*Asks:* 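Below are the structure tokens for one structure; questions will follow.
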Amino acid sequence: MSIKVQQVDNWRWRIPREGNMRTDGLVFASAAMMAVLRHEQALEQVRNVATLPGIVGPSMAMPDIHWGYGFPIGGVAAFDADEGVVSPGGVGYDINCGVRLLRSDLHAAEVRPVLDQLADALFRNVPSGVGSHRRDLKLSLSETRKVLKLGAAWAVKQGFGAAADLDHIEAGGTIPGADPELVSDRALERGHDQLGTLGSGNHFLEIQQVEKIFDEAAAQALGLFPGQLTVSIHTGSRGLGYQVCDDSLRTMLRASQKYGITLADRQLCCAPLTSPEARDYLAAMAGAANFAFANRQLITAWVRESFGQVLGKGPADLGLGVIYDVCHNIAKWETHEVDGKMRRLCVHRKGATRAFPPGHPETPPAYRAIGQPVLIPGDMGRYSYVLIGTAGAMRETFGSTCHGAGRVLSRHAAMKQARGHDVVGELAKRGILVRAAGRATVAEEIPEAYKDVAEVVEVVEQAGLSRIVARLRPMAVIKG
Amino acid sequence: MHRKVTVEAGDSAELLVAWLNEILVFSETARVVPASFSIHAFDQCNLTATISAEPFAADRHTVERIAKAVTYHQLVVEERNNGWYARVYIDL
């Protein structure tokens, strides 16, 4: 299908409302990105989301847009509390997939001589392969239900981290309203021994160094300095979240028929926000999101343990504190100003990150003067970025921005391109150590498989959706 | 190791997703590699089958990639002139 696209300015493209669309589509991208996008399914998916009932504002996509199941990845869509819908496909399978960034009091240069040992310790201490899990963490199903209710706070209560960590997590590490009784036994069965594991695919754990500071004042508020060692954790709710999504899709397929909602793709199935199906999904989704927060909290504890083992330093000397932890697959109840009126909306962010401005009550007090931190991982050969949210994002995108680099090559194409290359050896020559559990993972995740994340963050900065604070260069990457 | 499963769905396309999901979840939760399948009963909306599998052993089974979900994205199951056509996307 050919999609009509009109250029609004250098960074905005409108897909005008037509046919059964209820609103316009709005894509944030450079001209070069759009030239590629025009040949992909993703724009059609932006259009499909615009057909859903009760959508408020345009169906949006961030510059890291690529095709997803049903909704595009990089998609943002807000729905009216009375007229709108919630769609599990608008959140994604990996509920609360997200990124956590840890600062440290270490200089990257002082760690470089023991980087090998650190990478090995992280690979050993943070489970990442098929069926691997920590033998010292065994969860009963009833304890797993507590995780679903409490999120990162459960982990802190068990001694994994400090209460101060919770202050620097989106929603404090606990999405309210989770009901573990609405999470199926099968989801619990899939999840209970996956807590504290990295998972496969694009998930990673990375030791990085702060390569460049773009905004001194903001970097200082975040505790970042040039040459500093940082650690990024990118993972989500594992099999538990996948099962919650799968269970909900079956319910929503029936609900879409029941409420007479026409779907352009089954994966867009949804239910009115006022329906019991929607309430049940949001309560189960909150449980899975909390599981993901707890997951990143446990991994944080094991990162601290690994650094302690290798460097022989205590927590006070390491200073491995949480800068922030963001969700990039989530649907949330939020209040936004629309046409001069405050409205309660269900904002879907699928491969998109919340980017609240300075002064917002949900931004941690320590960052209230600068705005909410936004963590944008790139590919393993280049760099990641730290951004902050802006008033522009609040005005235009329901406080949302991009989430990562976005794939340009399919896994298959990446494999083909990597054939004959010693990817791990080539990265090592550039000073980046890789430890990976799955044989195909490294080939599928080669840097060339992704857009240059610098181009992605340039678009969101130029469009006024975020401001760039710092660039982080990978030193060691642990992959599932 | 064997597991007998019964799945039901609204139509044949959703039945295919439900069936593939049974295999995926069995493989993940029991840590097994599914090897053969016996279909006992099968119509448009119902399927009963036995999955036979062997325990996953890292020294014998090379993990290329892990299937995480069977999706409904652009799902197609339809009868065509020379038989049946199915398209199903699996998340990796």
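Residue numbers begin at 1 in each chain, while the letters A, B, ... track the order of the sequences. Since this is a predicted model, take the numbers as computed values, not measurements.
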*Asks:* Side chains of Y72(B) and D265(A): is there a donor and an acceptor less than 3.5 Å apart?
*Replies:*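 There is no such pair between these side chains.
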*Asks:* Counting heavy atoms not belonging to Q257(A), are there more than 12 under 6.0 Å from its CD?
*Replies:* no
*Asks:* For F37(B), does the CZ atom have more than 12 heavy-atom neighbours from other residues, nucleotides or ligands under 6.0 Å away?
*Replies:*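 Enclosed: over 12 neighbouring heavy atoms sit under 6.0 Å from CZ of F37(B).
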*Asks:* Would you call the rings of W67(A) and Y89(B) parallel, tilted or perpendicular if under 30° counts as parallel and over 60° as perpendicular?
*Replies:*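 Aromatic pair W67(A)/Y89(B) classed perpendicular.
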*Asks:* Name the one of N21(B), V25(B), L24(B) that satisfies side chain to side chain contact (heavy atoms under 4.5 Å, CB included) with Q243(A)?
*Replies:* V25(B)
*Asks:* Heavy-atom pairs under 4.5 Å with chain B - which of S200(A), G199(A), G70(A) has more of them than the others?
*Replies:* S200(A)
*Asks:* Salt bridge check: are R186(A) and E22(B) linked by an N-O gap of less than 4.0 Å?
*Replies:* yes
*Asks:* Applying the side-chain hydrogen bond (donor to acceptor under 3.5 Å, both in side chains) criterion to Q74(B), which one of Q41(A), R266(A), Q267(A) satisfies it?
*Replies:*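 Option passing the side-chain hydrogen bond (donor to acceptor under 3.5 Å, both in side chains) with Q74(B): Q41(A).
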*Asks:* I'd like to check R31(B) versus D193(A) (side-chain heavy atoms, cut-off strictly below 4.5 Å). Are they in contact?
*Replies:*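 In short, these two side chains touch, coming nearer than 4.5 Å.
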*Asks:* Check whether any side-chain N or O of K68(B) sits under 3.5 Å from a backbone N or O of Y93(A) as a donor-acceptor pair, and report yes or no.
*Replies:* no
*Asks:* Taking CD in E143(A) as the centre, count heavy atoms belonging to other residues, nucleotides or ligands within less than 6.0 Å. Is the count above 12?
*Replies:*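 Atom CD in E143(A) is crowded, with more than 12 foreign heavy atoms closer than 6.0 Å.
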*Asks:* Taking side chain as everything from C-beta outward and backbone as N, CA, C, O, which of these in Q194(A) sits under 4.5 Å from a heavy atom of chain B? Side chain, backbone, both or neither.
*Replies:*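 When you check distances to chain B, only side chain atoms of Q194(A) fall under 4.5 Å.
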*Asks:* Please determine, among V17(B), V70(B), T71(B), L92(B), the option with the most heavy-atom pairs under 4.5 Å with chain A.
*Replies:* T71(B)
*Asks:* For L253(A), is it the side chain, the backbone, both or neither that has a heavy atom under 4.5 Å from a heavy atom of chain B?
*Replies:* side chain
*Asks:* Could you look at A58(B) and say if it's the side chain, the backbone, both or neither that has a heavy atom under 4.5 Å from chain A?
*Replies:* neither
*Asks:* State, to 0.1 Å, how close Y69(A) and D91(B) come at their nearest heavy-atom pair, and which atoms those are.
*Replies:* OH-OD1, 2.8 Å
*Asks:* Does any backbone or side-chain atom of R238(A) lie under 4.5 Å from a heavy atom of chain B? Answer side chain, backbone, both or neither.
*Replies:* neither
